[in-house]
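What follows is a set of notes on a single structure, which appears directly below.
Lettering of chains follows the sequences in order, A, B, ..., and the numbering in each one begins at 1.
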Amino acid sequence: MTTAPLPHAVIEVADVKISFGAVKALDGVTLRIVPGECVGLVGHNGAGKSTVVNIINGALSPQEGTIACAGERVPRYGIAAARANGVRCVFQELSLCPNLTVIENTRIMHGTLKGWGWRRRAARIIGSKLDEIFPGHGIDPTDTVSDLSIAQRQMVEIATAFSQVAQPVKLVILDEPTSSLDATLATQLLGYVRSFVTAGGSVIFISHILSEILSTSDRIVVMKDGKVVTERPAVEFDEHSLVAAMGSVVKGHDREKRAEGAAGRTPLLSRPSLHGKGLPFEVFPGEIVGLAGLGGHGQTDMLIDLYLGHTSNWLRRREAEVAFVAGDRTLNGVFPLWNILKNLTIADLAGLSRKGIVNETAEADLGHAWKERIDIRTQDLDNPILSLSGGNQQKVLFARALATPAPAVLMDDPMRGVDIGTKQEVYAILRAEADKGRAFVWYSTEMDEVCLCDRVYVFNNGVIVAELKGDAVTEKNVLAASFTGIAA
Amino acid sequence: MKKILSSDTVRLLIPALSLTILLISVFYLQPRAMSYVGLNLLFNLAVPIALATIAQMLIMTVNDLDLSMGTFVSFVACITATFLQATPLIGVLMLAAAIATYAVLGVLIHVRNLPSIVVTLGMSFVWGGLAVLILPAPGGEAPGWVRAVMVSRPPFVPMAILACAIIAVVSHLLIMRSSFGVILRGVGGNARSVERAGWSILKARAATYALAAFFAILSGISLVGLTTSADANIALRYTLLSIAGVVLGGGEFTGGRVSPIGAVIGALTLTLAGSFLSFLRISPDWQIGAQGAILIVVLALRLLLNRLENRGKRP
Amino acid sequence: DTADKKIALSNNYAGNSWRQAMLTSWEKVTGEAVKAGIVAAADPFTTAENQATEQAAQIQNMILQGYDAIVINAASPTALNGAVKEACDAGITVVSFDGIVTEPCAWRIAVDFKEMGRSQIEYLSKKIPAGGNLLEIRGLAGVFVDDEISAGIHAGVAQFPQFKIVGSVHGDWAQDVAQKAVAGILPSLPEIAAVVTQGGDGYGAAEAFAAAKRPIPTIIMGNRQDELKWWKEQKDANGYETMSVSIAPGVSTLAFWVAQQILDGKEVKKDLVVPFLSITQDTLEANLASTQEGGVANVEYSQADAQKVIEAAK
Amino acid sequence: MKPLVLLSRKPWIWSFVAAFIVWSATILFTGGASTIGLSQAALTFAAFSILVGIGQMFVITLGPGNIDLCVPATMTLAGTIALKFMQVDDSLILPGLFIAIAIGVAVGIGNYALIRLLQIPPIIATLSMSFIVQSTAIWTNRGLRIKPPETLASFTTETTAGIPNVALVALTLSVCAFALLHLTVYGRWISAIGQNIRAARMAGIPVDGARFVTYVLCSVLAAICGYLLASFSGGAALNMGSEYLLMSIAVVVIGGTAVAGGNSNVPGIWGASLFMFLVVSMLNTYGAGAGIRLIMTGLIIIAVIVVAGGRNPHQR
Ligand SMILES: Nc1ncnc2c1ncn2[C@@H]1O[C@H](COP(=O)(O)OP(=O)(O)OP(=O)(O)O)[C@@H](O)[C@H]1O
Ligand SMILES: Nc1ncnc2c1ncn2[C@@H]1O[C@H](COP(=O)(O)OP(=O)(O)OP(=O)(O)O)[C@@H](O)[C@H]1O
Ligand SMILES: [Mg+2]
Ligand SMILES: [Mg+2]
């Protein structure tokens, strides 16, 4: 795009306030985005980032405050006005229609794509944009979305937002776009964002991965409890000062890695190598085992297989052997009609009940203990689970699994959308639990997290291609192993 | 790992195969059915069922369910055999009003966030009552043109087969190929993101309901064309039949996953299953039970084919 | 000679005792006829659901199966006309009974349902000359028989204006539905002199009156064994008087013989009438004794009976 | 918050309001003379809808597509076989009840076996099953009506302290169902399954076990209802359950249970069952013909749901 820089901000929200019941989600936020800049938006879970996004996107109307586009105040700002002004959005939760093909989803996202031959045009537009952002993506536009992996869906969503049909794309909002992407794809995306910005577009970039924010943004806005607390050029921040601005502290990695030999011990969980290919999998008490490799190469499948294999579909054993932390919240995690408390305790009802009757006092106590321990940001555990921000929902799922007495916990990229402060706390909890003898199997798309593990299995094409132990668990080794083929 | 068949094709292939198997067994039991007249006799009552199934499928596309389909078709049949025959203008106006009512129902369900099952359950009483008012006793007469269309004998292909093919193609184009269909299915798949993309879910729902009413009206009219007259209870079983047809055809209750061609095939399968049974000559005590059994067998077949298909897909 | 002819029974409903008795009679009589070599086959078919559309499909299948005659108890007098016409066009003899069809090419063995309704009021006018309030229990709304009997009852009330229908409910010919409907309206009704019914619902009405602790009026019965038995108990206890009227399920066998006669080349008028079966205070015991426990009072027909009926109609 | 406001938030309150209005309108017609009679009749007949409604509610809680269409056939089969077994003998009343329950269990197992083995939507599975069960009922006694044992017949038709015995049975079972739903682990499980079946599985809930128990429970309640109804109306009839197909669904949804699953509601079933009986009585009392009666019933159902629905955005 070669549009000359506009004299005005692409969009400007001034002193916006919105509250949901007693929760002040936004408490006077002012934000100005000019053409050709990438604004990084950071803050703890529930700080109000997604709410700002929804305001700019037109899905929510602020209770107070104004919104202006290209310097002119728009009194009745809504979804249509936002789109007309070139605002596009990639939401935190996946928002494609899973039953439609990629082409049809493009049609839905672009109302102007009509008339004869729209399928062909849509295929061309989305195909070329995917090629442009994610070379070698392997997505056929005629594929049905439900047949795609989560990462591929995220890629489609990003490409749809950036593709231009009739109206020019001026501002793209990316709400945690890299949470389901592995490092390679994330790098491709960030590269594209820079070129888009250089060409005069604007981007609002939300992420909990501070290195991404620091490397990609021109300006960083830090939010806390519904307010903007700091706003400075990105170059003035480093990781520490950014964390400090958000009100958290980064702790050092203080745990000694376990690298005991397997000899003579019985594994808690194990799986033989698949079809005789690759390495077998096993995990011992007290270990944190990481699953690494490029996204969608069989890590989630193995976790689900392990889980389904160790739980019964017909009877509930009193002592659960394994617990599971879902990464795909809406699909595998949340019970949307329930309040937070019930969502938290569902996996541990065996421990909270006698003769099948749930002890509600014990349940409430357990809930409060975990609310404190993992800092779930809500006034009342009686609130509906969907009133929580994405990251806080994820914390509830975490608490759900950790509250059970299960000796092994399977985690399917569980830190998606969890803010850095909480992550640190969760890491500490994991370590403490592991020291008490619990085992964790942890699939993560975050290299930092993989490097926290005692032992790492690297996946490629559905099989385990490498096992790294102790000090061998480094970013370089994991990356190198990810690209090795199956050892014959 | 490149897929050979898309999931849509598979969704279609399975019902088509079960229909074929059933058809072969019917031909085996009753070779007389293998003729122009025979095929027409086997399938002509499937035409209204196919239309009702498409109507139900439309409603299911947006994750709703219409429990009033049977009474509505009966109601339309009553209008067709009376007003549409005697005073066509009034008849057409009444049918238009029925379509408008359906659209209003769609709006009501959306705006008040009501469960469609309850609203249509209520409506089933309303349509039933109206039908009884229009035709307190069975009777009426099919309009001449309707009768003429339904008993016409096109060359080579019997009317029943031709009509089903047309229904399948038209609804496929409408729902699977057109932009309108994409929005409809999108609403079923993820209403929230369709809304965030700037579409009006309200309008989409209203349009779906109106279109469903349109197909249901065609169903009622074609039914009267076959039976020559109507009564207030004539099509009550279409409610369950239409749901069963959609499911047999690979449609699902939620998520906007439907297949119009599959639905038509499902309707044909259900009709054929009934004939298959009468050709088997079962003791009267168990004739009803055998209908259940055949439904189970057809569904088991679906499962089996599904399994084979999946096995083929895995490396 | 009809030894190589095949006859089919198309039945739309099997869910009550009347229909079950009808099917039993059919099987008994036709079974003997087949054994005796009078016809080659007489197969009964029942649809899974009581729907005209399903029965139309059934008839179409019978055409394909090559039956020579189809005997129908129709779900609707008109909605099967399309299928019946196709059968006639294929050279098949169609005989309808009980639930008759209006298609001119078919034969009809009809019961005068109007008269059945009217006769109830006539009986009441003799029993209660002073008249009084009536409660009417109807059948299933929108069905031909319901409309006919009800029309007869209303005609009777016009003829004997000392009677007044003060309440009308639909009992769907099912005893529990009738009981429920009567129980719901009863508290708001004045004193009831008699209950006029369509058959199968008299016992339910009696139960509802008893439950409401109201005096039991004269309830017209419908030939079910439980009704007759209840009547007998009341009669023995307090001289209770009423009448019972319904169509005999064995009429299916008459239809069978008529079809056989037509196939045999006999000239038969298109419209035949059979009398309904009524039971009076005097014939109660005899009928009760001959009725199976839990069944319906019945008359089965022989070939000779059928010939008599055909002759009488000429 | 004021208690009235709180009450109006309860999804079940509206069915009671509707029932009360209809009840009053009927009573008004006779100037109050019919109060006791009408109330007793309403409680009696509502009791049967409540029994099947509770079973259906458990099934509907399991989520979209879960409806048991086999309820009427189960009622018929349980009623016919139990009465046939008891042979008008008072000493066989309890064994007869056990037989009815056993039939319920058997049908429930059959239903779930079909759902699980064929992996078909429950609506279709139970529909197929209902044909088979209905055939079995026809086959066992060919529509003959056998009378219930004397004691059982009088138990079902009589009242205790002015309240019909069947209503007391329904009350007892409702309380049990309420406790099961709200206090037990099983109640949590089925609600979770109804909201998100995959999440339920991944939270360690034995999904198949819980669904299996639910279908058996529904069939057992239908069987008990069939046993009582057959005894109440003086014999089982082959068509005695047919009315309860739509009825069992209607009372559940009018009573405020979420059709999308996961949220159920026992008190509402009472309100809705009373309402469904009273509305027909009212229209009969006012002398409405069949057509008008049906239309009014439908419109009133829609009116109730329009008033009740949409109050609470989280309740769908
Ligand atoms: N629909 C709603 N109802 C009630 N409260 C809500 C609703 N949506 C958001 N909130 C509240 O508003 C606050 C801000 O939420 P928001 O989703 O904007 O957080 P966020 O910064 O995006 O967090 P995360 O990093 O976890 O995604 C949170 O406290 C959340 O609980
Ligand atoms: N929650 C889930 N998330 C992702 N994939 C899943 C999930 N549940 C199941 N799957 C996938 O679907 C497959 C089938 O799962 P399902 O639960 O139907 O197994 P099943 O045949 O019922 O097992 P069993 O009866 O032995 O317990 C699993 O092997 C898994 O790959
Ligand atoms: Mg967020
Ligand atoms: Mg990530």
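Heavy atoms of Ala81(B) lying under 4.5 Å from chain C are absent altogether. Neither the backbone nor the side chain of Thr102(C) comes within contact range of chain B, judged by heavy atoms closer than 4.5 Å. Only the side chain of Asp147(C) comes within contact range of chain B, judged by heavy atoms closer than 4.5 Å. In this structure, chain B has no heavy atom under 4.5 Å from any part of Glu148(C). Using a 4.5 Å cut-off between heavy atoms, Asp43(C) contacts chain B through its side chain alone, with no backbone atom that close. Both the backbone and the side chain of Gln65(C) come within contact range of chain B, with heavy atoms under 4.5 Å apart. For chain B, no part of Glu103(C) is nearby; none of its heavy atoms comes within less than 4.5 Å. Contact annotation for Ala230(B): only backbone heavy atoms (N, CA, C, O) come within less than 4.5 Å of a heavy atom of chain C.
Pairing each heavy atom of Asn50(C) with each of Ala75(C), the nearest pair is OD1-CB, 4.0 Å.
With rounding to the nearest 0.5 angstrom, the CG atom of Asn11(C) is 4.0 Å from the CE atom of Met22(C). In this structure, CD in Glu136(C) is found 8.0 Å from NE2 in His170(C), a value given to the nearest 0.5 Å.
Between Asp68(C) and Lys6(C) there is no salt bridge, since no side-chain nitrogen of the basic residue lies less than 4.0 Å from a carboxylate oxygen of the acidic one. Ion pairing between a basic and an acidic side chain is recognised when a charged N comes within 4.0 Å of a carboxylate O; Glu115(C) and Arg118(C) show such pairing. Taking a cutoff of 4.0 Å between a charged side-chain nitrogen and a carboxylate oxygen, Lys85(C) and Asp89(C) qualify as a salt bridge.
For the set Thr271(B), Val132(B), Asp231(B), the count of heavy-atom pairs under 4.5 angstrom toward chain C peaks at Asp231(B). For the set Leu236(B), Val224(B), Thr227(B), the count of heavy-atom pairs under 4.5 angstrom toward chain C peaks at Thr227(B). Chain C forms the most heavy-atom pairs under 4.5 Å with one residue out of Leu223(B), Leu135(B), Leu226(B), Asn44(B), and that residue is Asn44(B). Considering only heavy-atom pairs separated by less than 4.5 Å from chain B, the leading option among Ala8(C), Pro44(C), Ala90(C), Ala52(C) is Pro44(C).
Of the possible donor and acceptor atoms, one in the side chain of Gln51(C) sits under 3.5 Å from a partner among the backbone N and O of Asn233(B).
Taking the six-membered ring where the residue is Trp, Phe45(C) and Tyr67(C) present perpendicular rings, their angle passing 60° and hence far from 30°.
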